[in-house]
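Since we're looking at a predicted model, the values are computed, not measured. Side chains are part of it too, since the values below use all heavy atoms of this structure and drop only hydrogens, waters and symmetry mates.
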Amino acid sequence: INSTGRLDRAVGAMQRLGTSQSQASVGSRMSEARRAKLIDLKRREDLKDALTNKFKGRFGKGAPKDTDEISVASEDIRKEVGRFSKTATVTEANLMRLERRLHGRAMGKKAPDDSSSMISGVSGYSGMSRARSSASLAGRNMVGGLAGKLQQGELPESYDWTRLDEYASYLHEQDALRQKLGVQALQRKLKMDLDAQVNEKQQKKLDVIEEESRYHKNSLLELERWKEMEQSREEEKAEQRMKEKADRDAQLRYEQELKQAEVQKRKDEESSLVEKIVTEMETEQRKFEKKKEQTRKQMKKVFEQNMEDQRKRDIANKEAKQKEAQTMKEYQRILDEQEEQRAEELAARMERQAELMKKLQENADGNKRGMGDNDAQRAAAQQEEQDRHFFEAEAVKQNRLAQMRLENQAYLLKQMEEKDSRKGEDKYLQHIQAMILEKDTEEYEIVETQKIKDRKIRNQEHSKDIQRQIEYKQRQSVPEMSKSEIQMNRPLLTLVESTLADRDSHVTANPPAMQD
């Protein structure tokens, strides 16, 4: 069972028990026996709820269970807890028996019937009523006084009914004490479970710390091993670097020797090449000078030929220039003749143009004199046309403005009418609302008045009822049994007297400690 959830539910049950006690203390007008019975009933119901919730969380549907367990119906759990609360006291042993019984149901075992359950299984419950009676009869050997008379068959003249109430109160105190002891046993069991959980958590913490310590030590060992491996690897790298350096030095010496040999070889080849180049250059120089001499002779011959050709070209150019001069003279003569012809044609054209301009001037003067009167008439007609158009446009504009004013006025009148109609509707709605509120107020006042009347009538009836009860109690004498009642209830009275005598002797022998 989950001890943490069980502890929470038990603490909640104890809180509810404390609350019920504080609430029960309010009813000061109730009798002590009645109040004690109600408190005991409340404690039993709260304990039933706590146990039901606890076992639902252990054996109910959805609770964590072992692979060989099945869920127990909530109704079965409530029945088992109800039977336990009716037939057994709340002790640690009885709680363990109830848990084993529900565990048997979860394992698929058939639950025993009610008759057998009173003997085995949950039959181990110590029955409250029988245990209470047995505990009450524990001091029957010390019976004296009225109890002795009753056992000897002698009947007293009268018997006070309050002794039965006192006996019932004593039995209730014993039940409450056993209930308290059961709750304390449950608390001790829950404390043991909680201590076990705390110890388990502490052990887990110690295991974690030990595991971390082992991990730390292993890490240190791994670190030392890694350092050693790194150091050996560094030494190997240093040796390898020294070996590579020696190899590189040997290779460098070998390469230098090769380079020196190559340089010497190149120098020898270059010296031989230089000698060869010098020899070839001397040979080329001699060939060049010889070729230069031949070229000079050829150039001289070509120059002479060019001079002859130039002389011939000069003679030909001179003849061509003379022919061109004669051609230019002839062309100039032709141009002069053409210029004279164009001048004559231009003079004739100018004379014809002068005569034409003179005729045009005469025609223009005549037209001016005829057109002066036409311009004045045309200007007057145009001015009249413009005035007419202006007056027509102005008239159209005025008509349009008047129409727009009328439309605007009609629109404003329509808006005013709509506003007035809305005001009327608002007033009508406000009137209806006022009527509704007034009607509701009247109905509320009627209902409240009726409530006040009913309350007065009810208070009067209660007052009369209380008065009748007071009168009835006042009319009653001291509650005493008649002889026939004493005869019929003699075994009960014997039990009551013996139990109360045993209680008084126990209180006398063990007085309660005074509290500060």
Nearest 0.5 angstrom please: [X] [atom1] to [Y] [atom2], how far?
X: Glu275; Y: Leu273; atom1: CD; atom2: CG; result: 10.0 Å
X: Glu257; Y: Leu252; atom1: CD; atom2: CG; result: 10.5 Å
X: Ile452; Y: Glu445; atom1: CD1; atom2: CD; result: 10.5 Å
X: Leu181; Y: Leu186; atom1: CG; atom2: CG; result: 12.5 Å
X: Gln187; Y: Lys180; atom1: CD; atom2: NZ; result: 10.0 Å
X: Gln240; Y: Glu234; atom1: CD; atom2: CD; result: 11.5 Å

Item to check | Glu448 atom CD, over 12 foreign heavy atoms within 6.0 Å | outcome: yes
Any side-chain heavy atom of [X] within less than 4.5 Å of one from [Y]?
X: Val263; Y: Lys267; value: yes
X: His431; Y: Lys427; value: no
X: Gln409; Y: Arg405; value: no

What I want to find out is whether [X] reaches [Y] closely enough, with some N-O distance under 4.0 Å, to be called a salt bridge.
X: Arg225; Y: Glu222; value: yes
X: Arg468; Y: Asp465; value: yes
X: Glu200; Y: Lys204; value: yes
X: Glu211; Y: Arg214; value: yes
X: Lys191; Y: Asp195; value: yes
X: Glu244; Y: Arg241; value: no

Checklist outcome for this item: With Arg503 as partner, the option from Glu166, Gln174, Glu173 fulfilling side-chain hydrogen bond (donor to acceptor under 3.5 Å, both in side chains) is Glu166
Shortest non-hydrogen contact from [X] toward [Y]:
X: Thr52; Y: Arg78; result: CG2-CG, 3.7 Å
X: Tyr167; Y: Leu495; result: OH-CD2, 3.5 Å
X: Asp175; Y: Arg178; result: OD1-NH2, 2.6 Å

Item to check | Intermediate values then yes/no, side-chain contact (heavy atoms from CB on, under 4.5 Å), Lys453 and Thr449 | outcome: CA-CA 6 Å; Lys453 292 180 180 179; Thr449 305; 3.8 Å; yes
Where the side chain of [X] meets the backbone of [Y], is there a donor-acceptor pair that is under 3.5 Å apart?
X: Ser505; Y: Ala501; value: yes
X: Asn408; Y: Met404; value: no
X: Ser463; Y: Asn459; value: no

Checklist entry - Taking it one step at a time, do Asp454 and Gln450 satisfy side-chain hydrogen bond (donor to acceptor under 3.5 Å, both in side chains)? => result CA-CA 6 Å; Asp454 294 340; Gln450 186 64 34; 3.1 Å; yes
Checklist entry - After noting the C-alpha distance and the side-chain angles of Arg97 and Arg101, does the key distance pass the side-chain contact (heavy atoms from CB on, under 4.5 Å) rule? => result CA-CA 6 Å; Arg97 291 188 186 98; Arg101 184 181 179 88; over 6 Å; no
Checklist entry - Please walk me through it: do Asp207 and Gln203 pass side-chain hydrogen bond (donor to acceptor under 3.5 Å, both in side chains)? => result CA-CA 6 Å; Asp207 294 340; Gln203 186 63 34; 3.2 Å; yes
Item to check | Stepwise salt bridge (charged side-chain N to carboxylate O under 4.0 Å, His left out) check, Lys464 with Glu461 | outcome: CA-CA 5 Å; Lys464 292 178 181 179; Glu461 291 177 355; over 6 Å; no
Item to check | Test log, rule side-chain contact (heavy atoms from CB on, under 4.5 Å), inputs Gln197 and Leu194 | outcome: CA-CA 5 Å; Gln197 280 191 349; Leu194 184 60; 4.1 Å; yes
Checklist entry - Taking atom types as modelled and ignoring hydrogens, do the side chains of Glu230 and Trp226 form a donor-acceptor contact shorter than 3.5 angstrom? => result yes
Checklist entry - side-chain contact (heavy atoms from CB on, under 4.5 Å) between Met229 and Arg233: does it pass, once the steps are laid out? => result CA-CA 6 Å; Met229 291 176 63; Arg233 193 179 293 111; 4.0 Å; yes
Next on the checklist: Go through it in stages, so that I can follow the logic: the residues are Tyr411 and Gln415, the test is side-chain hydrogen bond (donor to acceptor under 3.5 Å, both in side chains), and I'd like the CA-CA distance, side-chain angles, deciding distance and then a yes or no.
Outcome noted: CA-CA 6 Å; Tyr411 179 73; Gln415 281 188 339; 2.8 Å; yes
